S.K.: 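Just passing along the structure, written as structure tokens.
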Amino acid sequence: MQVFLRYFCVTALLFSGVALCGNSMRRPMFTSVKVGFRMLQPPRFKAGSVSSVSRGSLNLHNRRWGVVEIAFTPRYDFETRSKGKSTLTGVWLDDVSCGVQLVALESGKKNAVPVALFSTKVDFWTIQTDGKEHRYFVYLPPVLLDRVMPPRRTDSRNIRVADAADFIASVVFFHKKWGVLGEGYYGLKGRLADRDFRELVRKVPGNSIFHGALLSRARSPWGMSDVDEFDLEKPAFIPAPLDENAIAKAAEAAAAGEQSASDLGRSSKSGNSKKNKKSRR
């Protein structure tokens with residue numbers, strides 16, 4: 001009896017321990033968040049066709065868009081094992097948000113002098129935590145580049161325009177239940193990258209902070225290209241849900257209108273028939 005009780009206690013402890021570990025480990029993470037930045041010409045639309053072209057002069061204005069390139073790998077800490085292999089399929093995470101901040105630095109300066117801050121927040125409908133690399137892009141319009149980093153002539157032949165080396169970016173994925181899921185930086189390295197980025201943000205002049213100026217992918221010229229290769233973001237404005245009572249009232253009103261039109265038609269027909277009878281007499 002004592003041996004059985006001891007075996008039962010040990011088994012119960014083992015199972016409770018596994019359950020506790022499993023519950024504590026089931027946390028979503030967006031690992032290996034890689035952030036890049038480059039300048040691109042936007043796609044041009046011609047007679048129903050889309051072509052991405054790089055023609056055009058860059059001598060007078062910043063005609064290229066700034067593109068924050070984000071690559072991340074969503075997964076759960078806890079993964080089921082089957083036949084010695086780790087598998088995780090069919091797990092989706094809703095209502096993930098991505099905060100992007102982009103700091104523009106003064107061109108041609110040795111020290112990093114911030115001149116402007118651009119930011120946005122993108123909300124996603126759902127993201128599959130499949131352990132594979134996902135991609136997402138955020139865009140800076142060229143008109144804002146002209147606003148904070150106007151082209152300047154360096155000599156009689158060359159004109160300096162903004163390029164990728166003039167920017168530092170921060171990307172943070174977060175969730176209202178799970179908190180920060182992952183973060184990454186462009187232009188900063190090391191364990192203190194987050195601290196260094198916050199220090200740069202504090203130095204940005206107050207009149208050069210443009211919250212919401214970065215465009216999500218759906219609002220950019222690239223919004224309708226390769227849409228199936230990216231996680232679906234929520235629109236900036238979500239309409240109110242359908243009101244079933246309003247639909248029912250509309251249906252009743254339509255039926256009543258048809259009935260009144262039918263009654264009016266009948267009354268007009270009867271009036272015409274009476275007139276015809278009188279004319280015959």
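This one's a predicted model, so the numbers in the text were calculated from it and none came from an experiment.
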S.K.: Hey, are the side chains of Leu93 and Gln128 touching, using non-hydrogen atoms and a 4.5 Å cut-off?
M.R.: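 Side-chain contact under 4.5 Å: no.
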S.K.: Flag the pair Trp125 / Asp94 as yes when at least one side-chain heavy-atom distance between them is below 4.5 Å, and no otherwise.
M.R.: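 Result no, sub-4.5 Å side-chain heavy-atom pair not found.
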S.K.: Indicate the atoms forming the closest heavy-atom contact of Arg64 with Pro142, along with that distance.
M.R.: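 Looks like O-CB, 3.5 Å.
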S.K.: Dump the intermediate steps for side chain to side chain contact (heavy atoms under 4.5 Å, CB included) on Leu140 and Leu145, then the final yes or no.
M.R.: CA-CA 8 Å; Leu140 174 64; Leu145 289 176; 3.6 Å; yes
S.K.: Check whether any side-chain N or O of Arg217 sits under 3.5 Å from a backbone N or O of Trp222 as a donor-acceptor pair, and report yes or no.
M.R.: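 It does hold such a pair.
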S.K.: Just to verify, what does Phe30 make a ring pair (Phe, Tyr, Trp, His ring centres under 6.0 Å) with, not counting sequence neighbours?
M.R.: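 Ring pair (Phe, Tyr, Trp, His ring centres under 6.0 Å) list for Phe30, sorted by chain: Phe72, Phe173.
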S.K.: Taking the side chain as every heavy atom from C-beta outward, state whether Gln41 and Trp65 have any pair of such atoms under 4.5 Å apart.
M.R.: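 SC-SC contact between Gln41 and Trp65 ruled out.
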S.K.: Is there a path of hydrophobic side-chain contacts, each under 4.5 Å between heavy atoms, that joins Phe37 and Val148?
M.R.: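 Yes, it is one cluster - the side chains of Phe37 and Val148 are joined through contacts under 4.5 Å.
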S.K.: Heavy-atom distance under 4.5 Å between the side chains of Ile209 and His211, does that happen here?
M.R.: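 When only atoms from C-beta onward are counted, His211 and Ile209 do touch, with a gap below 4.5 Å.
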S.K.: Say whether Leu214 and Val172 are linked into one hydrophobic cluster, either directly or through other cluster members, by side-chain heavy-atom distances under 4.5 angstrom.
M.R.: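 They do not share one cluster, since no chain of ILVMFWY contacts under 4.5 Å joins Leu214 to Val172.
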S.K.: Carefully, step by step, assess Asp166 and Glu106 under the rule side chain to side chain contact (heavy atoms under 4.5 Å, CB included).
M.R.: CA-CA 7 Å; Asp166 299 327; Glu106 189 172 356; over 6 Å; no
S.K.: So, taking the atom named OH in Tyr139 and the one named CG in Leu215, what distance separates them when rounded to the nearest 0.5 Å?
M.R.: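 The CG atom of Leu215 is 10.0 Å from OH of Tyr139, to the nearest 0.5 Å.
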S.K.: Can we say Lys121 and Asp123 salt-bridge, meaning some charged N sits less than 4.0 Å from an Asp/Glu carboxylate O?
M.R.: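 Answer for the salt bridge query: yes.
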S.K.: Would you list the atom pairs, donor with acceptor, under 3.5 Å between side chains in residues 232-255 and any protein atom, with sequence neighbours excluded?
M.R.:
unit_1: Glu233; atom_1: OE1; unit_2: Tyr136; atom_2: OH; d: 2.4
unit_1: Glu233; atom_1: OE2; unit_2: Ser216; atom_2: OG; d: 2.8
unit_1: Lys234; atom_1: NZ; unit_2: Asp95; atom_2: OD1; d: 2.9
unit_1: Asp243; atom_1: OD1; unit_2: Asn245; atom_2: N; d: 3.1

S.K.: Can Phe174 be reached from Val35 by stepping across I, L, V, M, F, W or Y side chains whose heavy atoms are under 4.5 Å apart?
M.R.: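 Different clusters: Val35 never reaches Phe174 through Ile, Leu, Val, Met, Phe, Trp or Tyr contacts under 4.5 Å.
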S.K.: Can you name the closest pair of heavy atoms from Pro28 and Trp178 and give their distance?
M.R.: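 Nearest pair, atom of Pro28 first, then Trp178: CD-CD2, 3.3 Å.
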S.K.: When rounded to the nearest 0.5 angstrom, what is the spacing between CG in Asp163 and CE in Met39?
M.R.: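 Reported value, rounded in 0.5 Å steps: 7.5 Å.
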S.K.: Let's go through Val122 and Val100 carefully: what are the C-alpha distance in whole Å and the side-chain angles of both, what is the deciding distance for side chain to side chain contact (heavy atoms under 4.5 Å, CB included) to 0.1 Å, and is it a yes or a no?
M.R.: CA-CA 8 Å; Val122 180; Val100 183; 5.7 Å; no
S.K.: Taking the side chain as every heavy atom from C-beta outward, state whether Asp231 and His134 have any pair of such atoms under 4.5 Å apart.
M.R.: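 Yes. Closest side-chain heavy atoms under 4.5 Å.
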S.K.: Looking only at heavy atoms, which two atoms of Ala213 and Phe118 are closest? And how far apart?
M.R.: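 What the structure gives for the nearest pair is CB-CD2, 4.1 Å.
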S.K.: Should Lys34 and Glu133 count as an ion pair when the cut-off is N to O under 4.0 Å?
M.R.: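 Looking at Glu133 together with Lys34, the answer is yes, because their closest N to O distance falls below 4.0 Å.
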S.K.: Mind checking whether Leu117 and Leu102 have side chains closer than 4.5 Å, heavy atoms only?
M.R.: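 Leu117 vs Leu102: side chains apart.
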S.K.: Between Arg135 and Glu69, does any NZ, NE, NH1 or NH2 come within less than 4.0 Å of an OD or OE carboxylate oxygen?
M.R.: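 So Glu69 does not pair with Arg135 through a salt bridge.
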S.K.: Quick check: do Cys98 and Phe124 have side-chain heavy atoms less than 4.5 Å from each other?
M.R.: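 Yes; the side chains approach each other to less than 4.5 Å.
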S.K.: Please check this pair: side chain of Asp146 against backbone of Val143, looking for a donor-acceptor N/O pair closer than 3.5 Å.
M.R.: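 A pair under 3.5 Å: no.
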S.K.: Distance-only check: which donor-acceptor pairs under 3.5 Å involve side-chain atoms of residues 183-193, not counting sequence neighbours?
M.R.:
unit_1: Glu183; atom_1: OE1; unit_2: Tyr185; atom_2: OH; d: 3.0
unit_1: Tyr186; atom_1: OH; unit_2: Ala164; atom_2: O; d: 3.1

S.K.: Take Val115 and Val204, measure what side chain to side chain contact (heavy atoms under 4.5 Å, CB included) needs, and give me the verdict at the end.
M.R.: CA-CA 6 Å; Val115 296; Val204 175; over 6 Å; no
S.K.: Of Leu181, Val91, Thr129, which meets side-chain contact (heavy atoms from CB on, under 4.5 Å) against Pro74?
M.R.: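 Output: one option passes, namely Thr129.
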S.K.: With side chains defined as the heavy atoms from C-beta onward, is the minimum distance between Lys132 and Thr73 less than 4.5 Å?
M.R.: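 Of all side-chain heavy-atom pairs linking Thr73 with Lys132, none is under 4.5 Å.
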